[in-house]
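Just so we're on the same page: letters track the sequence lines, and every chain starts at 1.
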There are 2 protein chains.
Amino acid sequence: MGYPREQSIQQATEVFWLKGYLGTGMRDLQTALDKRPGSIYSAFGSKEGLYLEVLSHYTGVLHGQIMAVANSDTPLQQLREFLLLPLTVDDSAAHKIQCLIVKTQADWAELPQGVKSELQSALAHLREAFQAVIFKARSTGELAADIPVERAAMWLQGQFIAMRTLATSVESPASLSWMVDKIVSDLSGEWAQ
Amino acid sequence: MGYPREQSIQQATEVFWLKGYLGTGMRDLQTALDKRPGSIYSAFGSKEGLYLEVLSHYTGVLHGQIMAVANSDTPLQQLREFLLLPLTVDDSAAHKIQCLIVKTQADWAELPQGVKSELQSALAHLREAFQAVIFKARSTGELAADIPVERAAMWLQGQFIAMRTLATSVESPASLSWMVDKIVSDLSGEWAQ
DNA sequence: GCTAAATTTGAGCGATCGTTCAAATTAATA
DNA sequence: TATTAATTTGAACGATCGCTCAAATTTAGC
């Protein structure tokens, strides 16, 4: 039943990640997938349908990475490496520094409803993974027992967004590695109620 | 020499802020400004030209707000109020929570070169204002004398971005006000070299 | 009030958008 | 190999894109 979807999804991810949802045209996708429009429409239904599969796959991978951090014995140490990753991509993949979800969210008002609700779900899903990291770090003693887990998870997601957005706008993303230290340090800082 | 540009720039700001650069069509702008295409083109040259004036005006206002924080006697206290502002807009203006510059930056790969370079300049310009805040807070004693000013300024810009991005994705932005306390608190936290 | 200059109008240009579907091709079955 | 079913092809559709420019209108100077 048709050509392998996985490869197409990965190729489409590249395009959407580089150009955004609005900025990507079906003809960009036709070129990237080396498929004619009818093929893409029979496999994915629409541009939105293809994007939703891209988003689902992307979110799954990212969620898996964060859960791997949560499941390690030294979650805070692994968190460091996870946060450092996007700072060390080579220039040709500079667009991959920014989170695909955050990038798409910027076009909010113009997105189809289906994309909007999936973006919300994706953000919530990733927040759960961040929460698992906090939870685990608390249980290993790397974080204090009284840390507010939900707030810290949302805050951590915010730091993730901040770092990747800033890294997108500087010439040398690796020079922002001190931010990772600051994030981990601030995790043990004040959490006033 | 033509109709008042200021009003048009403000009306165009509304549209670009809601729909983004790519998502905004000339017909959206024609409706918002109540002008026919020829008028807009004679006044601003192109969609890009109009957007550049919008961006310049927007950046100027935001820069002024941050400099007002820097020039106050209690910059950290004023910073708190400045950061809280976007959390209390009413639902009809929800799109104004996100920073227009950050929003436009998400479409990076598809932007005209002129917009790209102006975005970079705008971010750098605002960072200078954040730096002035840090500098002033250090001189008033609200921050420690050994705080790394440049890093703290970039970090603060990151927190500004994080808060506004997160606030865009939750149903009740005001519920994130604790983040403002965390930001001010972390400003006095560790700044390891 | 008349003329000339400045400004605004809006129909419409060529290009591109997401999408469709009859026809051609390929794969599966007997 | 003949027949059918599944898949892919690609020309083309209507809508919309940023933008142009001759004509109509408004403004300015005398």
Side-chain angles (χ1 to χ4, degrees), chain A residues 1-55 103-104 106-116 118-119, chain B residues 1-55 103-104 106-116 118-119:
Chain A
M1 39 181 69
Y3 57 85
R5 300 165 64 88
E6 287 190 19
Q7 186 183 347
S8 290
I9 290 172
Q10 281 180 8
Q11 290 161 333
T13 301
E14 289 291 320
V15 183
F16 280 122
W17 210 343
L18 179 62
K19 302 197 157 199
Y21 182 78
L22 294 182
T24 298
M26 284 307 297
R27 283 153 189 84
D28 295 321
L29 295 166
Q30 289 159 30
T31 301
L33 310 200
D34 191 25
K35 294 276 176 302
R36 266 36 65 196
S39 277
I40 299 178
Y41 276 85
S42 96
F44 299 101
S46 64
K47 174 183 168 183
E48 175 182 352
L50 175 51
Y51 177 79
L52 287 177
E53 297 219 31
V54 163
L55 179 62
K103 176 171 182 140
T104 310
D107 289 322
W108 189 256
E110 298 299 289
L111 298 174
Q113 187 54 48
V115 172
K116 282 189 192 180
E118 276 310 306
L119 282 178
Chain B
M1 38 182 70
Y3 57 86
R5 302 164 64 88
E6 287 189 18
Q7 186 184 346
S8 290
I9 289 172
Q10 282 179 9
Q11 290 162 331
T13 301
E14 289 291 320
V15 184
F16 280 122
W17 211 343
L18 179 62
K19 303 196 158 199
Y21 182 79
L22 293 182
T24 298
M26 283 308 297
R27 283 155 189 82
D28 296 320
L29 295 166
Q30 289 159 31
T31 301
L33 310 200
D34 191 25
K35 294 277 175 302
R36 267 34 68 195
S39 278
I40 300 179
Y41 277 85
S42 96
F44 299 101
S46 64
K47 174 182 169 183
E48 176 182 351
L50 175 52
Y51 177 79
L52 287 178
E53 298 219 29
V54 163
L55 179 62
K103 177 173 182 136
T104 310
D107 289 322
W108 189 256
E110 298 300 288
L111 298 173
Q113 186 54 47
V115 172
K116 282 191 193 178
E118 277 310 306
L119 282 178

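- Atom pair A:L33:CG and D:dT9:P shows a separation of 11 Å (rounding to whole Å applied).
- Atom CD of A:Q7 has 12 or fewer neighbouring heavy atoms from other residues, nucleotides or ligands inside a 6.0 Å radius.
- A straight line from NZ of B:K35 to P of D:dG18 spans 19 Å, rounded to a whole angstrom.
- Rounded to whole Å, atom C1' of D:dC21 lies 16 Å from atom CD1 of B:I40.
- When only modelled atom types and interatomic distance are considered, A:Y51 and A:T24 share no side-chain donor-acceptor pair under 3.5 Å.
- Contact between A:L55 and A:E118 at its shortest, heavy atoms only, is CD2-CB, 3.8 Å.
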How would nucleotides 16-24 of chain C be written as a contact map, 5' to 3', with B for base contact, S for sugar-phosphate-only contact and - for no contact, using protein heavy atoms under 4.0 Å?
-BBBBB---

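- Remark: B:K47 fails to qualify as a cation-pi partner of B:F16 under the 6.0 Å distance and 45° angle criteria applied to the six-membered ring.
- The CG atom of B:L52 lies 11.0 Å from the CD1 atom of B:I9; values are rounded to the nearest 0.5 Å.
- To the nearest 0.5 Å, atom CD of residue A:Q10 and atom CG of residue A:L33 are 11.5 Å apart.
- Proximity of A:R36 to the phosphate of D:dT8: no side-chain N or O atom is located under 4.0 Å from OP1 or OP2.
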